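Given the structure is predicted, the values throughout are model-derived calculations rather than measurements. Worth knowing before you read on, the calculation uses all heavy atoms, side chains too, and leaves out hydrogens, waters and symmetry mates.
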Amino acid sequence: MRLSHISKWSVFVLSLLFLTSCWSMKEIEDLGLVLGVAIDLEEEGLEENLITLTNQLAKSNSSEAGKEGGASSFKNVSETGHSLMGLTLDSLLKNKEIPLAHHIKVIVIGEDLARTTNLQQILDYFLREHEIRPSCLILIAKNRASQILETSDPSVVPSLKLAQMTTNTHKRNSKVLPPVSLLKLSREIQSESSFLLQNVISTNGEVTLEGASVFEGKTKKLKGFLTKEEVMGINWIKGNVKGGYVEIFVEKQSNPIVFEVLSMKTHIQPHVNGNNISFEVDIESEGRIGEDRGISMKPFSDDTLARAEKAIEKEVKRLVESVSEKTQEELQADVFGYRDSLRIHYPKVWKKVKKDWDQTFSEVPIEYNVKITIKDFGTIGK
């Protein structure tokens with residue numbers, strides 16, 4: 001009987017322990033759901049090394065939020081100071097919401113800050129903070145990052161739109177890089193190899209993915225930009241193309257034939273002869289004629305097919321050789337991954353050159369071989 005009494009009390013005490021799940025409860029109206037972050041270097045003439053943190057907060061308490069002509073469904077809150085953690089905490093001094101960082105979709109870094117500050121130092125707070133998910137995406141703003149989080153359309157939340165564009169577009173357009181998350185970028189930074197990040201620009205409130213930023217492996221600072229066309233060349237060399245197109249002008253036609261990419265693969269083969277290093281890159285792709293605006297060619301003849309394939313191969317080769325020349329001679333940055341190929345196939349050679357690899361890379365001969373196969377003409381001709 002006594003044992004039964006003790007058991008009841010034991011169950012009661014244990015229940016109290018498991019009924020404390022609301023110890024950290026916070027009222028939802030007190031929270032500010034952060035969807036995006038922009039970080040900028042402050043303008044010249046002010047105190048040195050000042051940065052501005054802009055948090056984009058979701059607004060859920062307005063019945064008109066998000067409707068056409070209604071109130072905006074977000075608000076941007078900016079603070080200027082020396083540290084991101086300090087700015088986050090200082091925002092509590094004049095804003096009622098407690099920033100909640102679990103749902104940050106994008107972190108946008110301004111061009112001036114990326115040029116002057118080590119990227120690892122910029123992101124240190126985000127890498128340490130346990131609330132921030134490592135899956136959030138990293139982008140570089142040409143000009144100020146805070147402008148990217150602004151829009152004239154109240155039905156659009158810029159952070160969410162940007163995250164969707166970055167995630168979805170590269171699957172169908174080779175002018176965009178694959179998305180880079182905070183976790184993936186952290187690995188790139190630790191490897192000390194040069195790397196790329198997607199650029200974004202804002203024109204009259206319209207946000208566009210536009211080219212890429214090249215970061216130097218040693219300094220982890222922005223070194224230069226690539227255009228959209230040069231990003232296409234990068235994707236062909238790295239085998240990142242999941243879709244996309246190539247326009248060609250056969251012979252003297254002023255209207256293009258468009259090659260739609262269905263599949264592609266790339267093989268990088270390093271060669272070492274004494275102290276001389278070189279690379280051979282084989283690129284193969286299959287696709288279809290997605291559009292033919294030419295009128296002087298016989299569309300279904302073998303001769304037309306062969307001439308179109310040669311023209312596409314020539315154009316792809318021009319794209320890859322152009323960006324290869326720029327990254328070697330002007331930027332001196334191996335953003336393709338040639339270093340990994342050399343490390344795997346010639347580990348002893350790699351140990352000798354890895355310390356100054358970007359410098360060595362700038363003088364290495366690279367040969368590109370392109371093979372294009374047109375499989376069909378779309379629904380025409382079936």
Could you walk me through whether Asp282 and Val370 pass side chain to side chain contact (heavy atoms under 4.5 Å, CB included), step by step?
CA-CA 6 Å; Asp282 294 322; Val370 181; over 6 Å; no
Please walk me through it: do Arg172 and Glu260 pass salt bridge (Lys or Arg N to Asp or Glu O under 4.0 Å)?
CA-CA 10 Å; Arg172 297 184 60 83; Glu260 180 185 0; 5.4 Å; no
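- When every heavy atom of Asp358 is checked against every heavy atom of Asp334, the shortest pair comes out as OD1-N, 3.1 Å.
- Linking ILVMFWY residues whenever their side-chain heavy atoms come closer than 4.5 Å, directly or via other members, leaves Val180 and Met165 in distinct clusters.
- Under a 3.5 Å cut-off, the side chain of Asp124 and the backbone N or O of Gln120 do not form any donor-acceptor pair.
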Could you check Val246 against Val258 for side chain to side chain contact (heavy atoms under 4.5 Å, CB included), going step by step and ending with a plain yes or no?
CA-CA 6 Å; Val246 177; Val258 183; over 6 Å; no
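- Residues Leu84 and Tyr125 approach most closely at CB-CD2, 3.7 Å, considering heavy atoms.
- Without hydrogens or angle criteria, Thr203 side chain to Glu206 main chain gives no donor-acceptor distance under 3.5 Å.
- Nearest heavy atoms, Ser285 versus Val261: OG-CG1, 3.8 Å.
- Side-chain contact between Leu160 and Leu35 is present, with heavy atoms from C-beta onward closer than 4.5 Å.
- Side-chain contact between Ile374 and Ile312: present, with at least one pair of heavy atoms (C-beta onward) separated by less than 4.5 Å.
- A salt bridge does not link Arg115 to Asp112: none of the charged side-chain nitrogens sits closer than 4.0 Å to a carboxylate oxygen.
- Using modelled atom types and a 3.5 Å distance limit, the side chains of Ser78 and Thr54 yield a donor-acceptor pair.
- In this structure, the separation between CG on Asn168 and CG on Asn173 is 12.5 Å, given to the nearest 0.5 Å.
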Please walk me through it: do Thr219 and Glu216 pass side chain to side chain donor-acceptor pair (under 3.5 Å)?
CA-CA 6 Å; Thr219 65; Glu216 185 182 36; 2.8 Å; yes
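- A salt bridge links Asp376 with Arg288: the closest approach of a Lys/Arg side-chain nitrogen to an acidic carboxylate oxygen falls below 4.0 angstrom.
- Using a 4.5 Å heavy-atom threshold, the side chains of Phe279 and Ile268 count as touching.
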Please report the C-alpha distance between Ser135 and Ser181 in whole Å, then the side-chain angles of each, then the deciding distance to 0.1 Å, and finally whether the side chain to side chain donor-acceptor pair (under 3.5 Å) criterion is met.
CA-CA 5 Å; Ser135 59; Ser181 66; over 6 Å; no
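- Less than 6.0 angstrom separates the ring centroid of Phe361 from the ring centroid of Tyr338.
- Side-chain contact between Gln56 and Val157 is present, with at least one heavy-atom pair separated by less than 4.5 Å.
- Looking at Asp40, its side chain never comes within 3.5 Å of a backbone N or O of Thr52 through a donor-acceptor pair.
- Thr167 contributes no side-chain N or O that, together with a main-chain N or O of Gln164, makes up a donor-acceptor pair within less than 3.5 Å.
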Please test Lys175 against Tyr245 for side chain to side chain donor-acceptor pair (under 3.5 Å), starting from the C-alpha separation and ending with a verdict.
CA-CA 9 Å; Lys175 294 179 180 177; Tyr245 68 93; 3.0 Å; yes
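- Under the 3.5 Å distance criterion, the side-chain polar atoms of Glu230 are left unmatched by any main-chain donor or acceptor of Val323.
- Crowding of Lys161 atom NZ: a count of heavy atoms from other residues, nucleotides or ligands under 6.0 Å exceeding 12.
- Remark: of the listed residues Leu137, Leu127, Ile107, Leu197, Leu197 is the sole one forming a side-chain contact (heavy atoms from CB on, under 4.5 Å) with Leu185.
- By the 4.0 Å N-to-carboxylate-O rule, Glu150 lies too far from Arg144 to be salt-bridged with it.
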Could you give me the CA-CA distance, side-chain angles and deciding distance for Lys218 and Asp356, then say whether salt bridge (Lys or Arg N to Asp or Glu O under 4.0 Å) is met?
CA-CA 9 Å; Lys218 286 185 177 179; Asp356 296 306; 3.0 Å; yes
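- Both Val320 and Ile372 sit in one connected hydrophobic cluster of ILVMFWY residues. Membership requires side-chain heavy atoms under 4.5 Å apart, directly or through other members.
- Using a 4.0 Å cut-off between charged nitrogen and carboxylate oxygen, Glu309 and Lys314 do not count as a salt-bridge pair.
- The heavy-atom pair separating Asn369 from Glu280 by the smallest distance is ND2-OE2, 3.1 Å.
- Atom CD of residue Glu229 and atom OG of residue Ser174 lie 10.5 Å apart, to the nearest 0.5 angstrom.
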Using the rule given for side chain to side chain contact (heavy atoms under 4.5 Å, CB included), can you reason through Val281 versus Trp236, listing the C-alpha separation, both sets of side-chain angles and the distance that settles it, and then say yes or no?
CA-CA 10 Å; Val281 182; Trp236 277 96; over 6 Å; no
List the steps and the verdict of side chain to side chain contact (heavy atoms under 4.5 Å, CB included) for Thr80 and Glu42.
CA-CA 8 Å; Thr80 299; Glu42 260 317 310; 3.6 Å; yes
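- Between Val156 and Thr151 the shortest heavy-atom distance is O-CG2, 3.7 Å.
- By the 4.5 Å heavy-atom criterion applied to side chains, Gln332 and Gln359 are counted as neighbours.
- The minimum heavy-atom distance between Leu149 and Pro158, with the atom names listed, is O-CG, 3.5 Å.
- With hydrophobic clusters built from ILVMFWY side chains whose heavy atoms lie under 4.5 angstrom apart, Val316 shares a cluster with Phe336.
- By the 4.5 Å heavy-atom criterion applied to side chains, Leu342 and Ile344 are not counted as neighbours.
- Side-chain heavy atoms closer than 4.5 Å link hydrophobic residues (I, L, V, M, F, W, Y) into clusters, and following such links, even through other members, never connects Ile201 to Leu41.
- Between the side chain of Ser322 and the main chain of Leu319, no donor-acceptor pair closer than 3.5 Å is present.
- To the nearest 0.5 angstrom, Thr169 atom OG1 is 8.5 Å from Gln198 atom CD.
- The side-chain heavy atoms of Phe259 and Ile257, taken from C-beta on, include no pair separated by under 4.5 Å.
- Between the OH atom of Tyr368 and the OG atom of Ser324 there is a distance of 3.0 Å, given to the nearest 0.5 Å.
- With contacts defined as side-chain heavy-atom distances shorter than 4.5 Å, the pair Ile109/Ile122 qualifies.
- The pair Lys142-Glu111 does not count as a salt bridge, with every side-chain nitrogen at least 4.0 angstrom from each carboxylate oxygen.
- Once rounded to the nearest 0.5 Å, the distance linking OG of Ser193 with CD of Gln190 reads 11.0 Å.
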So Ser155 and Asp153, side chain to side chain donor-acceptor pair (under 3.5 Å) or not? Walk me through it.
CA-CA 5 Å; Ser155 66; Asp153 185 351; 2.6 Å; yes
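- Under a hydrophobic-cluster definition in which Ile, Leu, Val, Met, Phe, Trp and Tyr are linked whenever side-chain heavy atoms come within less than 4.5 Å, directly or via other members, Leu162 and Leu53 are assigned to different clusters.
- Looking only at distances, a side-chain donor or acceptor of Asn199 sits under 3.5 Å from a matching main-chain atom of Ala212.
- For the pair Glu313 (side chain) and Lys310 (backbone), a donor-acceptor distance under 3.5 Å is absent.
- Between the side chain of Asn255 and the main chain of Asp292, no donor-acceptor pair closer than 3.5 Å is present.
- The closest donor-acceptor contact from the side chain of Ser202 to the backbone of Val207 lies at 3.5 Å or more, if one exists at all.
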